[in-house]
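Have a look at the structure below, then the notes.
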Amino acid sequence: MKNFETFSGVVAPLDRANVDTDAILPKQYMKLISKYGYGDYLFDNWRYEDEGQPGDDCSLRPLAKDFVLNKASFRSAQILLCRDNFGCGSSREHAPWALRDFGIKVLISSSFAEIFQGNCLKNGLLPVVLAKSRVDQLFDLAEAELPLTLTVDLLGQRVVSPDGEVDIFEIDAFRKKCLLEGLDEISVALEHANDVRAYELRRRLSEPWLFPE
Amino acid sequence: MPKTLLHKLWNAHTVREGPAGSAVLYIDRHLVNEVTSPQAFEGLSVAGRRPWRGDTVIATSDHNVPTRELEMGIRDPLARTQVQTLERNCETFGLKQYRLGEHGQGILHVTGPELGATLPGMTIVCGDSHTSTHGAFAALAFGIGTSEIEQVLATQCLLVSRMATMNIQIEGTLPWRVTAKDLALFIIRKIGTAGATGYAIEFSGSTVRGMSMEARMTLCNMAIEAGARVGLIGVDETTLTYLHGRSYAPKGEAWDAACLYWRGLRSDEGAIFDKTLRLDAREITAQVSWGTSPQMTCDVTGQIPDPLDEPDMSIRQAMVHALKYMGLQGGTQIQAVELDKIFIGSCTNARLEDLRAAARIVEGRKISKRIRQALVVPGSQAVKAMAEAEGLDKVFSDAGFEWREPGCSMCLGMNEDRLLPGERCASTSNRNFEGRQGQGGRTHLVSPVTAAAAALAGHFVDPRTL
């Protein structure tokens, strides 16, 4: 995982509530066994006019011209502005992989589904939760004629608008550290291997049937 | 101080406290499927790690497997590679697996409990959001992503944020031909698909106590559709009776000791929940979803709501969008909606009890000529064998259904069982998202009873009238 650095990026507004992970990455691409290469298939059913299959050359497929990420100003968007309950449904981590591979670094919404939110953090994607009223305002700004650019500063836990308005967001200290330093969580966890062994010894006594020889 | 079931399970599995109320939890059971695991095994291999406790893993292919002509193998080369990759990974790392066609193979959320691999007091994870199903056994069970699969394989632990607690207390007996599925859809309709985000839902009350384990699993399975990663039901005699004698369940003295411990796995009298919702089961009727989110649901006797009656503009917009996708109009009686396909299956509703309930409706009758395809996909090889021993396969075949091999099948349409664009399906699965059962396909979520009734009529019908 790459270190998360402060950046300024274009905001693409996706004005739909309850966007599910089936929509973010349709099932046929879950047949692939790689962790990378899903960017062309992001929002496949909404982004293209035809039904895609893994391995298709997506540059030859007909685009749905009204879809937000197909508009010239949003093709290189790094921030996706979303509505309530974004990422609901299936636990597929392929959804954050597709967002990451497309080039999205930050998602802003009034709420995210839990499993999806966790999956994002494991892949260097930052989900930012802001108040619903503020998300509404950002939609108005992002849908205006000129694309909206926001600066996201994870260290300071803030999103800065061009007019200087600052939105502070919350993130737990451990997740923040992992993102900032691009840490491998498993290595961090294995530093506490002795705690796990001690726990297993206690548990063997209290619930021995869970440790069949 | 009285404790909730969640708190008991949480405390029993805390290896170490984490930041902001989170904890590193120890994982007792890890169910592994072919679709969400390959990248996790690859990560493990690349880092040169071994599974911490391989004996906690049970693996099988369910999402991507064909449901007929198993002897022909898997024709789709990508699906075949994925299934073979799981088989190879299990061999490499010495993990227990059930191969295609083998007794023990099926949808993991059906086979886990059936094998007794799901036990009260466990933490259970799987790279699948419907892992909430196992909470019916008072297990803390939740879906995880692929990175977390790798982490559990490598460390047997996960850093988890503490959920808030929601008690959904349901009293009374569900009316005739109204099932746990209808209750689940009714709850989601009431609280919304994000209504329980951040919560673990505990289902309680006399309705739940009166339910079979199969019905309880259906209820907990759908907790995720209300946004809750975890569904829970306390242990009672029904739980213990179900588990007794199953392959992985403890035997002899160990069984007695386990039961003693398990009986305490329920919320204490007077335990305080962050939120409580009370429902009267007698007021619930058969439910049918009409839109593209499980919360877009109405009574089988009701109408599809008219967006013009909705004051909130963003909800109205979502309704308009959903109705357009579904090819429906607000104000229509749901019973006037005609169907093309019927799907009875999935981790929500493919257990023996579900198949029996549907079979009782169709026995001695024929499905409507309108219906192009009606599938029954048992949840596991064991369910299939038991159903066949009772002659249910014959009941379904005689009525015009296709009797298939177990798997996730048309619930998510990863294999060849799917809807074509514009096709409308009464489905016993759990999600009616756009394209879920096939691009352009239109899904209506219902119980097995309602799906069977709809198959006979060719449109939705109140199962009480049959």
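None of the values given here were measured: they were computed from a predicted structure. Any value given below was found using the heavy atoms of this structure, including those in side chains, with hydrogens, waters and symmetry copies removed.
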Evaluate the criterion side-chain contact (heavy atoms from CB on, under 4.5 Å) for residue pair M313(B) and R316(B); output intermediate values, then yes/no. CA-CA 5 Å; M313(B) 285 312 286; R316(B) 186 191 291 189; 4.0 Å; yes
Considering only heavy atoms and a distance below 4.5 Å, find which of D44(A), V196(A), D172(A) pairs most often with chain B. V196(A)
Whatever's closer than 4.5 Å to a heavy atom in chain A on D76(B) counts as side chain
Have a look at V159(A) and tell me which of I168(A), D167(A), V106(A) forms a side-chain contact (heavy atoms from CB on, under 4.5 Å) with it. D167(A)
Any donor-acceptor N or O pair under 3.5 Å, side chains Y26(B), Q156(B): no
Sort T292(B) into side chain, backbone, both or neither according to what part of it lies under 4.5 angstrom from a heavy atom of chain A. neither
Let me know if Q28(A) has heavy atoms under 4.5 Å from chain B in its side chain, its backbone, both or neither. neither
Pick one of side chain, backbone, both or neither for R83(A), based on which atoms fall under 4.5 Å of a heavy atom in chain B. neither
Walk me through it: do D22(A) and R92(A) pass the test salt bridge (Lys or Arg N to Asp or Glu O under 4.0 Å)? CA-CA 9 Å; D22(A) 274 82; R92(A) 62 189 70 169; 3.3 Å; yes
Looking at chain B, which one of G89(A), A173(A), P26(A) has the largest number of heavy-atom pairs inside 4.5 Å, strictly under? G89(A)
E42(B) versus chain A, the contacting section by heavy-atom distance below 4.5 Å: side chain
Does N123(A) reach the main-chain N or O of C120(A) with its side chain, forming a donor-acceptor pair under 3.5 Å? no
For the atom pair CD1 (I124(B)) and CD1 (I27(B)), what is the distance rounded to the nearest 0.5 Å? 9.5 Å
Is chain A contacted by the side chain of E253(B), its backbone, both, or neither, given a heavy-atom distance below 4.5 Å? neither
Kindly write out the residues that satisfy ring-ring contact (aromatic ring centres under 6.0 Å, His included) with F67(A), not counting sequence neighbours, or none if the list is empty. F43(A)
Does either side chain, that of Q437(B) or that of T443(B), offer a donor lying less than 3.5 Å from an acceptor on the other one? yes
Quick one: pull up CG in L138(A) and SG in C82(A) and give me the separation to the nearest 0.5 Å. 11.5 Å
Which atoms of R49(B) come close to chain A, meaning under 4.5 Å heavy atom to heavy atom: side chain ones, backbone ones, both, or neither? side chain
Of all pairs that satisfy ring-ring contact (aromatic ring centres under 6.0 Å, His included), the ones with a partner from residues 77-96 of chain A, not counting sequence neighbours: Y38(A)-H94(A), F86(A)-F116(A), H94(A)-W97(A)
What part of L159(B) gets within 4.5 angstrom of chain A, counting heavy atoms only: side chain, backbone, both, or neither? both
Option in R175(A), R202(A), K35(A), H192(A) with maximal non-hydrogen atom pairs under 4.5 Å from chain B: H192(A)
Verdict with reasoning, S132(B) to V230(B), per side-chain contact (heavy atoms from CB on, under 4.5 Å): CA-CA 5 Å; S132(B) 60; V230(B) 165; 5.9 Å; no
Would you please say whether a donor-acceptor pair under 3.5 Å links the side chains of N33(B) and T36(B)? yes
Approximate separation, where rounding is to 0.5 Å, of T131(B) OG1 and R29(B) CZ: 13.5 Å
Using a 4.5 angstrom heavy-atom cutoff, name the option from E150(B), K251(B), M163(B), M122(B) with the most pairs to chain A. E150(B)
I'd like to know whether K132(A) forms a side-chain contact (heavy atoms from CB on, under 4.5 Å) with D84(A), so could you lay out the CA-CA distance, the side-chain angles of the two residues, the decisive distance to 0.1 Å, and finally the verdict. CA-CA 8 Å; K132(A) 204 170 182 136; D84(A) 255 352; 2.8 Å; yes
Quick one: of E148(B), E34(B), H63(B), H130(B), who has the most non-hydrogen atom pairs under 4.5 Å with chain A? E148(B)
Above 12 or not: heavy atoms from other molecules or residues under 6.0 Å from NZ of K177(A)? no
Go through the atoms of Q295(B) and report whether side chain, backbone, both or neither lie under 4.5 Å from a heavy atom of chain A. side chain
Max heavy-atom pairs within cutoff under 4.5 Å with chain B, candidates G118(A), A198(A), S206(A), S34(A), goes to S34(A)
Identify which part of N45(A) has an atom lying under 4.5 Å from any heavy atom of chain B, answering side chain, backbone, both or neither. both
Under 4.5 Å from any heavy atom of chain B, what part of D184(A) do you find: side chain, backbone, both or neither? side chain
For chain A, the option from P38(B), C126(B), S147(B), A194(B) that forms the most heavy-atom pairs under 4.5 Å: S147(B)
Against chain A, label T85(B) side chain, backbone, both or neither, depending on which of its atoms sit under 4.5 Å from a heavy atom there. side chain
Need one label for H13(B): side chain, backbone, both or neither, based on atoms under 4.5 Å from any heavy atom in chain A. both
Are I108(A) and I79(A) close enough that some pair of their side-chain heavy atoms sits under 4.5 Å apart? yes
For chain A, which of G198(B), A249(B), A228(B) has the most heavy-atom pairs under 4.5 Å? G198(B)
Please classify the contact between R431(B) and chain A as side chain, backbone, both or neither, with a heavy-atom cut-off of under 4.5 Å. side chain
So what's closer than 4.5 Å to chain B heavy atoms on A193(A): side chain, backbone, both or neither? both
Spacing of CG belonging to L130(A) relative to OG belonging to S110(A), to within rounding of 0.5 Å: 9.0 Å
Contacting moiety of W255(B), where chain A heavy atoms sit under 4.5 Å: neither
Where on A258(B) is there a heavy atom nearer than 4.5 Å to chain A: the side chain, the backbone, both, or neither? both
T21(A) versus chain B, the contacting section by heavy-atom distance below 4.5 Å: neither
A47(B) versus chain A, the contacting section by heavy-atom distance below 4.5 Å: neither
Which atoms of L78(B) approach chain A - backbone, side chain, both or neither, heavy atom under 4.5 Å: both
Counting heavy-atom pairs closer than 4.5 Å to chain A, which one of W52(B), F142(B), F41(B) comes out on top? W52(B)
If we define contacts as heavy-atom pairs under 4.5 Å, which of L119(B), T56(B), T81(B), D128(B) has the most with chain A? D128(B)
Counting only non-hydrogen atoms closer than 4.5 Å, does D195(A) touch chain B with its backbone (N, CA, C, O), its side chain (CB onward), both, or neither? both
Please classify the contact of D136(A) with chain B as side chain, backbone, both or neither, using a heavy-atom distance under 4.5 Å. neither
Does K105(A) qualify as a cation-pi partner of F7(A), given the criterion of NZ or CZ under 6.0 Å from the six-membered ring centre and within 45 degrees of its axis? yes
I need the M222(B) CE to I188(B) CD1 distance, nearest 0.5 Å. 4.0 Å
Heaviest contributor of heavy-atom pairs below 4.5 Å to chain B, chosen from N18(A), D20(A), N119(A), L32(A), is D20(A)
